[in-house]
Amino acid sequence: MSKNISNLSGRIGLKDNLFKQISENTLSDAPKDINEIAKKHNLGVSTLHGAESFYEFLRPSHREKKAFVCNGSACMCSGTQDKLKDTLKEKLGDDKVGEMFCLGHCYENNAFHYDGENYAGKDIEKIDQIINGEDIIQDKFFSKSYATTSFLMDDKLSSPEQFKEQLNKFLKTDKQKIIKSLLDSNLTGRGGAGFPTGMKWDFCSKAKGDKKYVICNADEGDSGAFSDRYLLEDQPLKVIFGMVLCGMVIGSDEGVLYIRGEYPKSIEAINGSINELKKLNLLGDNILGTDFSFDLGICIGQGAYICGEETALIASIEGRRAEVDVRPPFPVTEGLYKKPTVVNNVETLAAAIGILINGPEKFAAIGNKKSAGTKLVCLDSFFNNPGVYEIDMGTPMKKIFNEIGGGYKEPIKAFQIGGPLGGVVPLSEIDNLNLDFQEFTAKGFMLGHASVVSIPKDFSMSEYIHHLFEFSAEESCGKCFPGRLGSYRGKEMFDQVKNKTAKIPLKLLNELLVTMQKGCLCALCGAIPTPIMNILKYFGDEMKNDMVKDN
Ligand SMILES: Cc1cc2nc3c(=O)[nH]c(=O)nc-3n(C[C@H](O)[C@H](O)[C@H](O)COP(=O)(O)O)c2cc1C
C-alpha cells in the first residue's frame, strides 16, 4: 500500500510536492477542498487526511494558538519557561500559548515562537514591540573554530563567486576521485548512524535508476543541538554545494532540503541562497554551460521529531504518514519515490565540501579512523562560554568543557550529550571521555550530534526521566507496538511519581526498558532507554525514595 502511495506521489514528484500541498492547504486562511489535491495525485482522500493528522503544526489545537514556549531539555533545565509562559499568557490569553520542542536556542533559553519567528534570551522584555510587529535586534549564537584545520567554519565558500570558482573546478573532477577523497578522509555521517559518507555516495552512484535524489536532512530536533542551524544560517553555501556535488557524483538532477518548521531563519537563509544561485545559473539547468543540471527545493517540516529518521523523512516528503519503514531496502537503492537516494545530514554535507577543498589527508590526520576530522559541539547556557564550536575529534571532554566552555555558571551533576536519545553522562565521567563516537558508545553513552544539555545539581532526575518518556510518547510515530505503548507506560509510571501517588516498581521499569531497547522499530523509542538506564545506574541513590523493589 505505501509503495503505491510513493509511486503515485512520485508521478508528480518534488515540483508540486504532495506534502507541501497538504501543509500549505491546511495552514491557508482559505483552504481548498482536499478532494482536489487527492484527485490530482490519484490518491484517496483518507490518505491525505491520514498524513495531515500526523503533524503537530497542522492540528486545529495547535493552529489556534499564537505563541509557543520551547519545551526542549535545555530550556526545561534552565527553569526559565514557566515565567515566560505566564508572561505570554498575560499578553495573549491563557488558551493562546502552546509548546514546541526545542527551538535551538539552548545557549540562551527563554525561547519562544511567535508569529513565524523565534525569540529567546532577553527578547521577552520587548514583547510589546514584538506583538506590534516591530523588528527587534536579537542576539546570535557565538561560534568559533578551535580545530587544527577548519573544515566547517572557514570562509572558503561564503560568496557566490567562490561557489562558482569551486564548482568550475569540481565539475571537471573525476567522480571516482571525489568518492576516493571522501573514503580516504574517513568521514562518517554526522546525523547519528555514522555510516561512511564516501561509501554511501559510491553505493548510490552504482544503483540502477532513471532518476535519483539527494536529500539534506535538516530536521535537527535534538535538544541541545543548534549546529545544523548554525550551518544553514551562517554557511548555507557549503551545505548547498555539498548537495550539488553529491548530485553530480551519483547522477542526480534534483535535491531537497527537509528543514524543520521550528527554524524559520534557516528556511529564509537557504531560500535566499537557492534563489541567488539560480539567478547565476549555479543551480538549475545546464549549470555553467555543462550538461549537468541540478535543481533544489525545500520541504518544511511540520513539527514531528521522527521526521529526522531517514525513512520517516522520505515518507513525509512523499505525503505519507511519517512512519518509520523497515530497512533494507536502504534509501541508496530505494529511497524517495522508491528511487535511489542519498540522505545526508547538514553537517556531513558541509564537512564533505570542507574535505574536498582542504584535502582528505588533513581530515584523516585528526582523531582516528572511526572518529575522524572535526565535529561541531554545542554548549548550552550553563557554560560560561555557551555557543557552537568546531573541535578536533579526540579532544578530551574535560578540555572542551573547562577551557573552551569556560566551566559552569552553577553546580552541574550530569550532561545529556547527543540529544534525547543520547546518554546521560555524570560529571565524574567527563574526565574519562574524549570527543570520540566509539569511546562514548563503549562506556554506555552516545555522542550523536555532540550537543550538550547540562543538568543542574538540584534538578530532580525523576523529573528528567519523566521528560524523556513524555518526549518519546509524544514523538513516537506509533508504528511499532513496544515504542507506542512502552513510552506511554513509562510516562504513566513517572506521572505517578510526579503526583506522589505511587512509587516506581524497579523490576517492571527495567523490563519495560529492555523490551523497548530490543523490540522497537527505530532508535527513537529503541534508544530512549539509554539515558534512562544511565540515570538509574549513576543516580540510583538520588532516586531510591521514588522506587520500590518488586519481585
Ligand atoms: C529518531 C531519529 C531521529 C533522527 N534525527 C536526525 C536528524 O534530525 N538529522 C539527521 O541528519 N539525522 C537524523 N537521524 C539519522 C538519520 O536517520 C540518518 O541516519 C541520517 O540523516 C543520515 O545522514 P548521515 O549519513 O549524513 O549521518 C535520526 C535518526 C533517528 C532514529
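Numbers for residues simply follow the sequence, beginning at 1. Just so you know, ligand 1 is whichever comes first in the structure, and atom 1 is the first atom listed for that ligand. Because only heavy atoms are used, hydrogens play no part in the values below, and waters and symmetry mates are left out as well, while side chains stay in. Worth saying up front: this structure is predicted, and the values here are computed from it rather than measured.
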### Message
Under 4.0 Å from a heavy atom of Asp219: which atoms of ligand 1 are those, numbered in the order shown and with their elements?
### Response
8 (O)
### Message
Polar contacts were defined as any N/O atom of the residue lying under 3.5 Å from an N/O atom of the ligand; does this apply to Ile306 and ligand 1?
### Response
no
### Query
Would you call the rings of His62 and Phe68 parallel, tilted or perpendicular if under 30° counts as parallel and over 60° as perpendicular?
parallel
### Query
Is there any N or O on Asn345 that sits under 3.5 Å from an N or O of ligand 1?
yes
### Distance filter under 4.0 Å to Val343 heavy atoms, resulting ligand 1 atoms
21 (O), 22 (C), 23 (O)
### Query
Starting from atom 27 (O) of ligand 1, which protein heavy atom do you reach first, and at what distance in Å?
Gly191 N, 2.7 Å
### Query
Hey, is the main chain of Gly444 close enough, under 3.5 Å, to the side chain of Asn534 for a donor-acceptor pair?
yes
### Query
Does Lys200 have a heavy atom less than 4.0 Å from any atom of ligand 1?
yes
### Query
Any idea which heavy atoms bring Lys338 and Glu318 closest together, and the distance?
N-OE2, 4.0 Å
### Message
At under 4.0 Å between heavy atoms, is it the side chain or the backbone of Thr348 that contacts ligand 1, or both, or neither?
### Response
side chain
### Ile215 side chain near Asn344 side chain, heavy-atom distance below 4.5 Å
no
## Note on the structure
Here the pair of heavy atoms bringing Thr188 nearest to Phe437 is OG1-CE1, 4.2 Å
### Message
Here's a test for you: under side-chain contact (heavy atoms from CB on, under 4.5 Å), which of Ile400, Leu376, Thr148, Ile366 qualifies with Ile391?
### Response
Ile400
#### Entry: side chain to side chain donor-acceptor pair (under 3.5 Å), paired with Gln138, selected from His105, Glu108, Lys265, Glu117
Lys265
### Query
Under 30°, 30 to 60°, or over 60°: which ring-plane class applies to Phe226 and Phe141, parallel, tilted or perpendicular?
parallel
### Message
What protein heavy atom lies closest to atom 6 (C) of ligand 1? Include the residue and the distance to one decimal.
### Response
Gly308 O, 3.2 Å
#### Entry: Check: Leu421 N/O within less than 3.5 Å of ligand 1 N/O
no
### Task
Provide, to 0.1 Å, the distance between atom 20 (C) of ligand 1 and the closest protein heavy atom, together with that atom's residue and name.
Asn217 ND2, 4.2 Å
### Query
Counting from 1, what ligand 1 atoms have a heavy atom of Ala523 closer than 4.0 Å?
31 (C)
### Query
Ring centroid separation for Phe19 and Tyr55, is it under 6.0 angstrom?
yes
### For atom 29 (C) of ligand 1, the option (of Glu220, Glu309, Glu310) bearing the nearest heavy atom
Glu309
### Task
Note the single closest protein heavy atom to atom 19 (O) of ligand 1, along with its residue, its atom name and the distance in Å.
Ala193 CB, 3.7 Å
### Polar contact flag for Asp228 and ligand 1 (N/O pairs, less than 3.5 Å)
no
